[in-house]
2 protein chains.
Amino acid sequence: MQRKFQAIYDVIAREIQAAKMEAGQLLPSENELSERFETSRETVRKALQLLSQNGYIQKLQGKGSVVLEQNKLPLPVSGLTSFKELARSMSQTVETQVLALKHKLADEYMQEVLQCEKDTPVWELHRLRKLDGEAVIYDKDLLLAACAPALTEAIARDSIYDYLEQEVGLSISYARKEVVVEEAEATDTEVMDMGGYQQLVVVRSAVYLEDTTLFQFTESKHRPDKFRFVEFARRTK
Amino acid sequence: MQRKFQAIYDVIAREIQAAKMEAGQLLPSENELSERFETSRETVRKALQLLSQNGYIQKLQGKGSVVLEQNKLPLPVSGLTSFKELARSMSQTVETQVLALKHKLADEYMQEVLQCEKDTPVWELHRLRKLDGEAVIYDKDLLLAACAPALTEAIARDSIYDYLEQEVGLSISYARKEVVVEEAEATDTEVMDMGGYQQLVVVRSAVYLEDTTLFQFTESKHRPDKFRFVEFARRTK
DNA sequence: AAGCATAACTTGTATATACAAGTTATGCAA
DNA sequence: TTGCATAACTTGTATATACAAGTTATGCTT
């Protein structure tokens with residue numbers, strides 16, 4: 001048996017997104033749902049917990065599960081959404097330009113950020129993201145070559161995550177991110193359309209696989225006026 | 001019985017933070033833990049799930065739960081951490097100056113951001129945050145007065161959340177946040193030490209109670225060089 | 001010695017039961 | 001009519017059991 005609670009989550013999440021369930025309404029009770037999906041109450045509860053975590057519902061003891069209003073502008077930098085998904089909901093025309101894709105051996109900087117041995121084979125990937133013709137995002141990736149043997153420019157232009165998860169069979173699991181504002185460097189201003197700005201929003205992230213190996217380090221620089229980060233956060237008591 | 005799994009979570013989280021458990025090590029198995037804490041395996045699993053969500057451990061089917069490396073610099077804007085907690089780990093000297101605390105009736109702008117009726121009583125609160133003597137954060141809060149009857153300057157200087165949760169008995173539950181970079185306005189440059197910057201990082205957040213009522217809207221403006229946002233994010237498949 | 005099946009672990013999922021705790025509507029009593 | 005106890009719902013927590021699925025070490029077979 002594989003993930004009945006996941007299937008229930010998908011069904012209800014889809015219904016909420018399709019606005020079949022209006023915001024403010026109560027979901028059917030856990031007992032009713034367990035009958036409808038022909039499963040136990042605990043399995044339904046697992047699905048509801050996921051929905052709650054992702055901001056679809058709010059559970060109220062004694063009352064039920066309230067459907068929350070969905071963000072009109074779902075701009076997800078949160079979670080681990082990739083640029084491909086991000087771009088889709090953001091802009092009219094999107095273009096990715098691969099500036100560099102090189103196989104290298106880890107120098108000191110790469111060693112540190114990827115926490116690997118010296119001379120470990122890595123991919124160095126530089127990409128320029130154009131929204132509506134303007135080069136406003138500059139991504140620099142470092143990836144463990146061992147995890148991504150046959151990386152090509154075509155893949156880098158499309159989606160690395162799709163390739164890794166579907167072709168290579170890797171499971172990306174979690175990431176640590178940092179968002180800061182920094183002065184633009186000469187190399188940035190050479191390739192980006194700066195639009196008069198001197199600073200850039202820099203998102204640095206370390207991405208880990210299921211087995212906790214750090215396999216990717218990304219530095220993503222955004223022109224300030226094109227940067228937006230939205231988040232749904234639950235209070236941890 | 002109240003939250004045995006929470007107690008187990010607290011114990012293990014504390015152990016990891018105190019570095020009694022080293023990063024990379026395996027936790028005792030779920031069966032061992034359930035014996036140690038004299039409880040069932042399911043209860044242990046709930047505690048481990050929380051630990052996993054919050055970035056303390058990574059679960060590996062067939063192997064066990066690996067302790068993850070804790071962030072050396074745990075700068076939490078993520079979640080719903082309040083400024084008071086944030087400041088503690090960030091800077092040497094921290095000072096909050098209350099610029100304004102007024103009881104008002106909702107105008108059109110307040111109506112919209114708080115999603116309330118016209119003329120609903122609200123608190124308008126302006127605070128200036130000084131780190132090491134520099135005024136680098138400017139917070140503007142709007143709160144439903146019905147939820148915070150006796151707000152005072154002293155409370156605003158200390159912690160509103162402590163007051164609301166401990167005195168009034170409210171339960172803050174979740175929030176939607178947005179982070180963008182905007183041009184500083186005249187009112188900003190008047191009160192803040194801009195340090196030559198023209199832009200500000202603006203964090204807007206809508207905070208909700210357990211019963212899903214929106215009760216607070218905050219606009220927090222940060223001088224770019226003093227802003228940092230870190231996050232632990234799990235991939236949702 | 002090398003390779004492979006297997007046993008003995010680990011976590012993941014699904015089920016059933018019991019009771020606690022919070023909400024709401026019912027209906028009786030004053 | 002008003003007020004209050006209560007019954008009938010809701011979700012929250014804890015327990016026990018069973019089996020699936022992944023990992024690792026053991027030991028036998030070749």
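A, B, ... follow the sequence lines: proteins, then strands. Residue 1 opens every chain. Excluded from the calculations below are hydrogen atoms, water molecules and symmetry mates; all remaining heavy atoms, backbone and side chain alike, are included.
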Find the distance [X]:[atom1] to [N]:[atom2] and express it as a whole number of Å.
X	N	atom1	atom2	answer
B:Arg41	C:dG12	CZ	P	8 Å
A:Leu27	D:dT11	CG	P	9 Å
B:Glu42	D:dA18	CD	P	15 Å
B:Asp211	C:dG22	CG	C1'	14 Å
A:Lys59	C:dA21	NZ	P	18 Å
B:Leu26	C:dT11	CG	P	9 Å
B:Leu33	C:dT10	CG	P	10 Å
B:Lys46	D:dA16	NZ	C1'	14 Å

Apply side chain to side chain donor-acceptor pair (under 3.5 Å) to A:Asp211 and list each qualifying residue two or more places apart in sequence or on a separate chain.
-> A:Thr213
Candidates [options] - which lies nearest the side chain of [X]:
X	options	result
A:Lys4	C:dT15, C:dT10, D:dA14	C:dT15
A:Ser29	D:dT11, C:dT24, C:dA16	D:dT11
B:Glu30	D:dT10, C:dG12, D:dG12	C:dG12
A:Lys63	C:dT23, D:dA14, C:dA14	C:dT23
B:Gln61	C:dA14, D:dA20, D:dA14	D:dA20
A:Thr39	C:dT15, C:dG12, C:dT10	C:dT15

If we only count heavy atoms from C-beta on, is the A:Phe5 to A:Arg45 side-chain gap below 4.5 Å?
-> no
Got A:Val202 and A:Glu219 here, is their nearest side-chain heavy-atom distance under 4.5 Å?
-> yes
Under 4.0 Å: is that the gap between some side-chain N or O of A:Thr43 and OP1 or OP2 of C:dT13?
-> no
Does B:Arg3 make a side-chain N or O approach to OP1 or OP2 of D:dG12 shorter than 4.0 Å?
-> no
Pick base, sugar-phosphate or nothing for B:Ser40, based on heavy-atom distances below 4.0 Å to the nucleic acid.
-> base
Indicate, with a heavy-atom threshold strictly under 4.0 Å, whether B:Leu60 touches base, sugar-phosphate, or nothing.
-> sugar-phosphate
Could you pick out which residue, A:Gly62 or B:Ser65, lies toward the 5' side of DNA chain C when each is mapped onto its nearest nucleotide?
-> B:Ser65
Applying a 3.5 Å limit to both distances, which nucleotide forms a Watson-Crick or G-U wobble pair with D:dG22?
-> C:dC9
Which of parallel (below 30°), tilted (30 to 60°) and perpendicular (above 60°) describes B:His126 and B:Tyr138?
-> perpendicular
Could you tabulate the donor-acceptor pairs under 3.5 Å formed by side-chain atoms of residues 115-123 of chain B, not counting sequence neighbours?
| residue | atom | partner | partner atom | Å |
| --- | --- | --- | --- | --- |
| B:Thr120 | OG1 | B:Glu117 | N | 3.4 |
| B:Thr120 | OG1 | B:Glu117 | O | 2.7 |
| B:Trp123 | NE1 | B:Ala148 | O | 2.7 |

